[in-house]
Amino acid sequence: MKIDVLTIFPRLFEPFFEESIIGKAREKGKVHFQTINFRDFSTNKHQTVDDYPYGGGGGMVLKPEPIFSAVEHLTEGTEKKPRVILMCPQGKPYRQSKAEELAQEEHLIFICGHYEGYDERIRKYLVTDEISIGDYVLTGGEIPAMAVIDSVVRLLPGVLGNEISAVTDSHSTGLLEHPHYTRPPIFREWEVPEVLLSGHHENIEKWRRKESLRRTWKRRRDLLEGLELNKEEQQWLKQFEQDDE
Ligand SMILES: C[S@@+](CC[C@H](N)C(=O)[O-])C[C@H]1O[C@@H](n2cnc3c(N)ncnc32)[C@H](O)[C@@H]1O
């Protein structure tokens, strides 16, 4: 996969692209990153990328020319048009299902905003997706872009080792993940649930499913809506309700 990031702060991405699983994915050639400072595409002598908003008001607005030129430079001669993703608190709330969708693409371009926002023509005529990472406002699109890139790259085949599984992660199954324990079996008198030490694979899987449902029921009941549950699982939900009374 190829990932291009348009930003006026490219140095913010240097450690992110080099460290941990993302860095290893790059070293293994699973993903190729490039940061593009769209200031380089500004045509005026001060290389400005922002200007005052028409109609007045506080804050500066990112101009269309440098961002259009940068994207056109990146897509020149390419047969398949890449997804052009605008990081924006007005965008669609980001979900795991979107990460799975983006992980199927060959080329993604991220646009990181700053200041008051973007000239509306960027939103209307250049981008394919607008993504928000939550109902709060950050100073720039770099951290949101990193969050999205991280969630997409870890889904690429061969990126996660056997020790980490994306399949059972929270939100991949539609539920929150079950609790985890590791050694020691007793820590400060707090014991690991016996079933996990039993070596009985079937019982362990059942316990995990039940605890995953319990956790989702307790913390994110909205995720259970429309989820298909078998009879035993429906029974468990009733039991959680009774236990809660
Ligand atoms: C200060 S914000 C601009 C907010 C804008 N005035 C508004 O009300 O929608 C500057 C930039 O940070 C990024 N940003 C801030 N919060 C974000 C969020 N929740 N999700 C994605 N991007 C965000 C976007 O790139 C945005 O253009």
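Residues take their numbers from the sequence shown, with the count starting at 1. As the structure is a prediction and not an experimental result, all values here were calculated from the model. FYI, side chains are in, hydrogens and waters are out, and symmetry mates aren't considered; it's all heavy atoms of this structure.
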>> If I compare all heavy atoms of Leu223 with all of Gly174, which pair ends up nearest, and what's the gap?
In response: CB-O, 3.7 Å

> Once you round to the nearest 0.5 Å, how far does OG of Ser132 lie from CG of Leu86?
Replying inline: 11.0 Å

> Going hydrophobic residue to hydrophobic residue with side-chain gaps under 4.5 angstrom, can you get from Ile111 over to Leu12?
Replying inline: yes

> Do the side chain of His32 and the main chain of Met1 share a donor and acceptor less than 3.5 angstrom apart?
Replying inline: no

>> Please find the pair of heavy atoms, one from Ala166 and one from Leu155, that lie closest to each other, and give the distance.
In response: CB-CD2, 3.8 Å

> Does the salt bridge (charged side-chain N to carboxylate O under 4.0 Å, His left out) test come out yes or no for Lys92 and Asp129, once each step is laid out?
Replying inline: CA-CA 8 Å; Lys92 248 191 164 174; Asp129 303 76; over 6 Å; no

>> Could you check whether Arg209 makes a cation-pi contact with Trp207, meaning its NZ or CZ is under 6.0 Å from the centre of the six-membered ring and within 45° of the ring axis?
In response: no

>> Applying ring-ring contact (aromatic ring centres under 6.0 Å, His included), can you list everything that pairs with His73, at least two apart in sequence or on another chain?
In response: Phe41

>> Run the ring-ring contact (aromatic ring centres under 6.0 Å, His included) test against His46 and tell me which residues pass, sequence neighbours left out.
In response: none

> Considering residues at least two apart in sequence or located in another chain, which fulfil the side chain to side chain donor-acceptor pair (under 3.5 Å) criterion with Glu27?
Replying inline: none

>> Applying side chain to side chain donor-acceptor pair (under 3.5 Å), can you list everything that pairs with Glu101, at least two apart in sequence or on another chain?
In response: Arg83

>> Using a 6.0 Å cut-off, check whether atom NZ of Lys81 has over 12 heavy atoms from anything other than its own residue.
In response: yes

> What pairs with Arg121 under salt bridge (Lys or Arg N to Asp or Glu O under 4.0 Å), at least two apart in sequence or on another chain?
Replying inline: Asp119

> Is Glu130 paired with Arg123 through a side-chain N to carboxylate O contact shorter than 4.0 Å?
Replying inline: yes

> Under a 4.0 Å N-O cut-off, is there an ion pair linking Arg39 with Asp50?
Replying inline: no

Solution key, residues 13-22 side-chain donor-acceptor pairs under 3.5 Å, sequence neighbours excluded:
none

> Less than 4.0 Å between a side-chain N and a carboxylate O, is that true for Glu211 and Arg208?
Replying inline: no

> Can a salt bridge be assigned to the pair Asp244 and Lys218 using a cut-off of 4.0 Å between side-chain N and carboxylate O?
Replying inline: no

> Taking atom types as modelled, is there a side-chain donor on His171 or Glu177 under 3.5 Å from an acceptor on the other?
Replying inline: no

>> With clusters defined by side-chain heavy atoms of hydrophobic residues (ILVMFWY) lying less than 4.5 Å apart, directly or transitively, does Ile143 cluster with Tyr136?
In response: yes

>> Just by distance, no angles: are the side chains of Ser151 and Tyr94 close enough, under 3.5 Å, to form a donor-acceptor pair?
In response: yes

> Is Leu74 reachable from Ile3 through a run of I, L, V, M, F, W or Y residues, each pair having side-chain heavy atoms under 4.5 Å apart?
Replying inline: yes

>> If the threshold is 4.0 Å, N to carboxylate O, is there a salt bridge linking Lys210 and Glu233?
In response: no

